[in-house]
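A quick write-up on the structure given underneath.
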Protein chains: 4
Amino acid sequence: MPSPSTRQRRKDARPQELLDAAMALFVEKGFAATKSEEVAARAGVSKGTLYLYFPSKEELLKAAIRHTLSADIAAGAQMAEAHTGSCSELLQDVMSAWWLRVYSSSSACIFKLVLTEVRNFPDIADFYLREVIEPGTAVITRMVQRGIDAGEFRPVDVTGTVHSIVLPMIMLCVHKHSLGACPNMEASLGDPELFIRQHMSLLLGGLRRPAAT
Amino acid sequence: MPSPSTRQRRKDARPQELLDAAMALFVEKGFAATKSEEVAARAGVSKGTLYLYFPSKEELLKAAIRHTLSADIAAGAQMAEAHTGSCSELLQDVMSAWWLRVYSSSSACIFKLVLTEVRNFPDIADFYLREVIEPGTAVITRMVQRGIDAGEFRPVDVTGTVHSIVLPMIMLCVHKHSLGACPNMEASLGDPELFIRQHMSLLLGGLRRPAAT
Amino acid sequence: MPSPSTRQRRKDARPQELLDAAMALFVEKGFAATKSEEVAARAGVSKGTLYLYFPSKEELLKAAIRHTLSADIAAGAQMAEAHTGSCSELLQDVMSAWWLRVYSSSSACIFKLVLTEVRNFPDIADFYLREVIEPGTAVITRMVQRGIDAGEFRPVDVTGTVHSIVLPMIMLCVHKHSLGACPNMEASLGDPELFIRQHMSLLLGGLRRPAAT
Amino acid sequence: MPSPSTRQRRKDARPQELLDAAMALFVEKGFAATKSEEVAARAGVSKGTLYLYFPSKEELLKAAIRHTLSADIAAGAQMAEAHTGSCSELLQDVMSAWWLRVYSSSSACIFKLVLTEVRNFPDIADFYLREVIEPGTAVITRMVQRGIDAGEFRPVDVTGTVHSIVLPMIMLCVHKHSLGACPNMEASLGDPELFIRQHMSLLLGGLRRPAAT
DNA sequence: AATGAATGAGTCTTCATTCAT
DNA sequence: GATGAATGAAGACTCATTCAT
C-alpha cells in the first residue's frame, strides 16, 4: 500500500527538491560554476530526471528565484498590519521579526543569487523589481511614513531612510552566503538578531522627533 | 620616434591593461562565465598574450583583486587623520569623501567580486580580511571610538555601529555593478552622494549624546 | 532481442576497445603526437566518451601499458615448465614458441612504447621492471642455469648470456612497429620465426659444452 | 681583437650547437614533446635565433639525424680494413672497438630517435636505410663472409648472423637513452664493453668450425 | 517515469612561428 | 644578426543536453 502513494508523494515533491538543491548550489558556487549533474545528485535523482521537470539549467535558475522569497515578503506586510503600538516599536519589532525570518530562511539566498546573476539574465531584474523590491520597499515606506504623519518621526527623506534601514539587512543575508560561509569567517558580522536590534535602535534615535521643550 | 621604447612601453602597461579588462568582465559576468579570450580581446591583445603575463585565469582573478582597493583604503585612513573638527563632522565628511571615492573608482568592483567568488576561491577570504575588512573597519572604529571618548557620542556598541555605518556603503558599491548596471534600473538607489550624507546624518542623530539639560 | 543488454555489452567492452585503439596509435605516432580525439575515433566513439572511461590521456597510456604483456610473460614461464627434453631443445623450442607469440600479439607494441615514453613518465619504469623485465629475465635465466648445472652448457656468465638471447627478440618487436612498419621496409629483418631459430641455434653452438674427447 | 673573430667563431659553431641541443632533447623527450624554445635555451640562444638557422622544428630534426652517425659508420669500415689476424679476432676486436665508440658518442642517440620518429617522418627511413643500415650491414657482412670463405666459420646464413651480431648492439644504444637513463635503472644492462665481448665470444663459439678430428 | 551512456560544442591553455625593434 | 613579444591554430578536457533502454 505505501508503494503507489509513496511514489506519488515523491513525484509531487520532486520539483521543490530540485529547486532547493539548485538554489543551494547556485548560491554557493554561482550559476555558471554549478554542474547540472550536481544539482540532480544533491536532490537524489539522476541527471536525466532533472530534465523531466525543467527544460534547461537556465529555467531551473529562474524557477528557483521565482519560487522563493515572495511568501516572506508578504509575511512582512502582514506583521506590519497586525502590529499595535508606537511607530518606533512598530519599526523595531517588525523589522526584527521579519528580517530574522528572512535571514534564517532560504529567502536569504535570493539576494546573493540575484546580485550575482542579474547581469547575465536580465529577466531576473524585472521579476526582482516587481516581486521583491517594490513590495518590500512599500512595507517599510509605509511604516516610516506613518511615523512622520503621526508626528513621531522627523520629516526625513523617506526613500533614503528606507535604504538606510534595509541595505544592512540585505547585506547581512548576502554575507551569510558568501564570506560568512567561509571557514574562519563565521562570526564576522556577529549575531544577526542583536545587530538588527542595534541598527534599528540607532536609526530610531536619529529618526525620532526630539521631545518638545 | 616611438622606435626604441614603444614595445617596452606596451609591455610595461600590459599587466594593468589586462587586469582592468579582467576586473570589468569578472564583475559583469562572473569569473566562470567570462572567457579568457574575452579578457584578452577587451585589453586589445590576443588570447596567447594573456598567458604571457598571467599563468592562468584563476591567477588573473587573484591578481585583479589584489591590485585594487588597498590604495583606496589607505586614502580613507589619511582623510581621517587629516581632519580637524568635531567627531560628527569627522564622520560625515570623511565617510562622504572616502566612500564617494571608493564608489567612483574601480575599487567598487571588488566588493561584488569578492562576494561572488570567495566560496570558489577561499584564498580570497584571507586576503580580503587582512587587506580590506581589517584596515577599513579600523578606520571607522577609531572615528566612532574617539567620539565616545570625547563624550560627543553615546556609549554605543562600537562594532555594531561600524556595521550600521558601512554596510550600506558596501551595498551601494555592490548594487552599482549588479542591478544598478541593468537597463531601466540605473536610478534605483538614487544619487549616491546624497544617500551617503543622509545616511550618516540619520546615524549621527542616533549617535550623538542629547544636549545636557 | 538486443534490448536489455546491448547497452551493457557495449559498456563492458568499451575500456578494452579504447585501450586497443590507444595502444595502436601511441605505438604508431608516439604519445605526444596522438590526439585524444583520434583514439576515440578509432574506437568508434566520440571524444567525450573516452573521458567517461579514462580520466586523462596519460592514464590511458599507463592503463594501455599495464593491461598488456603480463599474460604473455606468464605464458613463457609455463612453456618452460611444461617442456621435457634436453636444455638445448628447451631453449630452442621455448624461445621460438614464446617470442613468436609475443611478436605476433599486441604485446610486441609495449617494448616500443616503453622505450619511447619512459623518460617522460617515470612511473612506467617501475611497472616495466617489476612486471616485464624481472619475470621475463627469470624465465630465461632459469633455463640457462639448468643447462649449466646439468653440465650441458659451459659455465658462462648467465646474465650476459640472457641478454645475448633476449635483446634481439626485443629488437625484433620494436622494429616491427617502427622501421618495419614503413612502406618499402617490411622485409628488412626477414622472417621472424626463421631468425629466432637461427639466432638460438647460433647461440647454442657457443653455449654447448664441446663433446668430451 | 678577440671581438670580431670570437663572434665569428660563435656564429660558425651555432648550427652544430643547435643540432646538439636538439638531438639531446629529441632523444630524451621525443620530437613532439620537445619545445623549440627549450632547444634554443639549451643552446644558449633565443627562440628567434633558432629560426635563423633552421626553417622549422621538423627540419631541425632531420638535420640532427643527418649530421650524426655517418662518420662512426665509416670508422667501422676502416677498422675492419685495417685489421690483421684471424676472422674471429677480427670480429671480436672490430665489433668491440667500433660499437663502444658508437655507444659512447652521440651516434647512439640516433637509433632511439629513428625508431621513435620514423613513422611520423617517413623521409627518415630512406636516409637511415641508405646511410646507416646498408653501410653498417655491409661492414659486418664482409667480416662474416670472409670467415666463411676462409673456412674458419661454418657456412651459416649470413644475413641472420649479422642480425644476431648487431641487434644487441643497437639495443644497447637504445637502452642507454631510454630505460638506462631513468633513475635506479642505470646498471640494468651491466658494463657495455664487457657485454659486447661476451656476446661476440658466445656467437663466435657457435660460428667457428669445430676443429677437424 | 527514471536512468546514465553518449555526444560535441565550447573553453582553457600551449607552442611553433613571425616580425618589429 | 639577435631578440622576445605577439599571434592564433591546435589540442586536452568539460559539461549541458539527448535518448535508447
Side-chain angles (χ1 to χ4, degrees), chain A residues 7-8 10-11 14 31-41 44-60, chain B residues 2-12 14 32-40 44-58 60, chain C residues 2-8 10-12 14 32-41 44-60, chain D residues 7-8 10-11 14 32-41 44-60:
Chain A
R7 188 193 303 225
Q8 188 59 38
R10 282 320 296 260
K11 197 196 146 193
R14 278 285 150 73
F31 175 77
T34 300
K35 299 171 214 170
S36 45
E37 188 162 17
E38 288 177 300
V39 174
V45 299
S46 75
K47 236 176 338 177
T49 303
L50 174 60
Y51 283 88
L52 250 34
Y53 292 93
F54 298 94
S56 73
K57 199 180 149 191
E58 185 172 339
E59 287 308 315
L60 185 61
Chain B
S3 180
S5 57
T6 295
R7 194 96 95 81
Q8 189 57 38
R9 211 163 23 235
R10 287 323 298 270
K11 198 196 166 198
D12 293 346
R14 278 286 145 73
T34 300
K35 300 173 218 171
S36 51
E37 191 162 13
E38 288 177 302
V39 174
V45 298
S46 75
K47 229 178 339 173
T49 301
L50 172 59
Y51 286 90
L52 245 38
Y53 294 91
F54 298 93
S56 70
K57 200 179 144 190
E58 184 171 339
L60 185 60
Chain C
S3 180
S5 56
T6 297
R7 196 96 95 80
Q8 190 58 38
R10 287 322 298 271
K11 197 197 167 196
D12 294 346
R14 279 285 145 74
T34 300
K35 300 172 220 173
S36 51
E37 191 160 14
E38 288 178 301
V39 174
V45 299
S46 73
K47 225 180 342 171
T49 301
L50 172 59
Y51 286 91
L52 246 36
Y53 293 92
F54 297 94
S56 71
K57 201 179 144 191
E58 184 170 341
E59 286 308 314
L60 184 61
Chain D
R7 190 195 301 229
Q8 188 59 38
R10 281 318 298 258
K11 197 195 147 195
R14 277 285 151 73
T34 299
K35 299 172 216 169
S36 45
E37 188 161 17
E38 288 178 299
V39 174
V45 298
S46 74
K47 234 176 339 176
T49 304
L50 173 60
Y51 284 88
L52 249 33
Y53 293 93
F54 298 94
S56 72
K57 199 179 150 192
E58 185 171 339
E59 286 309 315
L60 185 61

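Within every chain, numbering begins at 1; the chains are lettered A, B, ... in the order of the sequence lines, protein sequences first and strands thereafter.
Other residues, nucleotides and ligands place no more than 12 heavy atoms under 6.0 Å from the CD atom of C:Glu37.
Pair check for E:dT17 finds F:dA6; Watson-Crick or G-U wobble, both atom distances under 3.5 Å. In this structure, E:dA1 forms no base pair with any nucleotide, since neither Watson-Crick nor G-U wobble geometry is met with both distances under 3.5 Å.
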Take nucleotides 8-15 of chain F nucleotide by nucleotide from the 5' end and write B, S or -, depending on whether a protein heavy atom sits under 4.0 Å from the base, only from the sugar-phosphate, or from neither. BBBSSBBS
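Rounded to a whole Å, the CD atom of A:Glu38 is 17 Å from the C1' atom of E:dG4. Here E:dT13 presents its C1' atom at 10 Å from CG of B:Leu50, a figure rounded to the nearest Å. Between A:Glu59 atom CD and F:dT17 atom P there is a gap of 10 Å when expressed in whole angstrom units. E:dC12 atom P lies 16 Å from atom CZ of B:Phe54, rounded to whole Å.
Phosphate contact (OP1/OP2 of E:dA1, side-chain N/O of A:Arg14, threshold under 4.0 Å): absent.
Closest approach of B:Ala32 and B:Lys57 over heavy atoms only: O-NZ, 3.8 Å. Of all heavy-atom pairs spanning A:Leu50 and A:Ser36, the tightest one is CD2-O, 3.6 Å.
In this structure, the separation between CZ on D:Arg14 and OG1 on D:Thr49 is 6.5 Å, given to the nearest 0.5 Å. Note that the CG atom of B:Leu60 and the OH atom of B:Tyr51 stand 8.5 Å from one another [nearest 0.5 Å].
Residue B:Tyr53 is classed as a sugar-phosphate contact, given heavy-atom separations below 4.0 Å to backbone atoms only.
When atom types are taken as modelled, the side chain of B:Glu38 and the backbone of B:Lys35 share a donor-acceptor pair closer than 3.5 angstrom.
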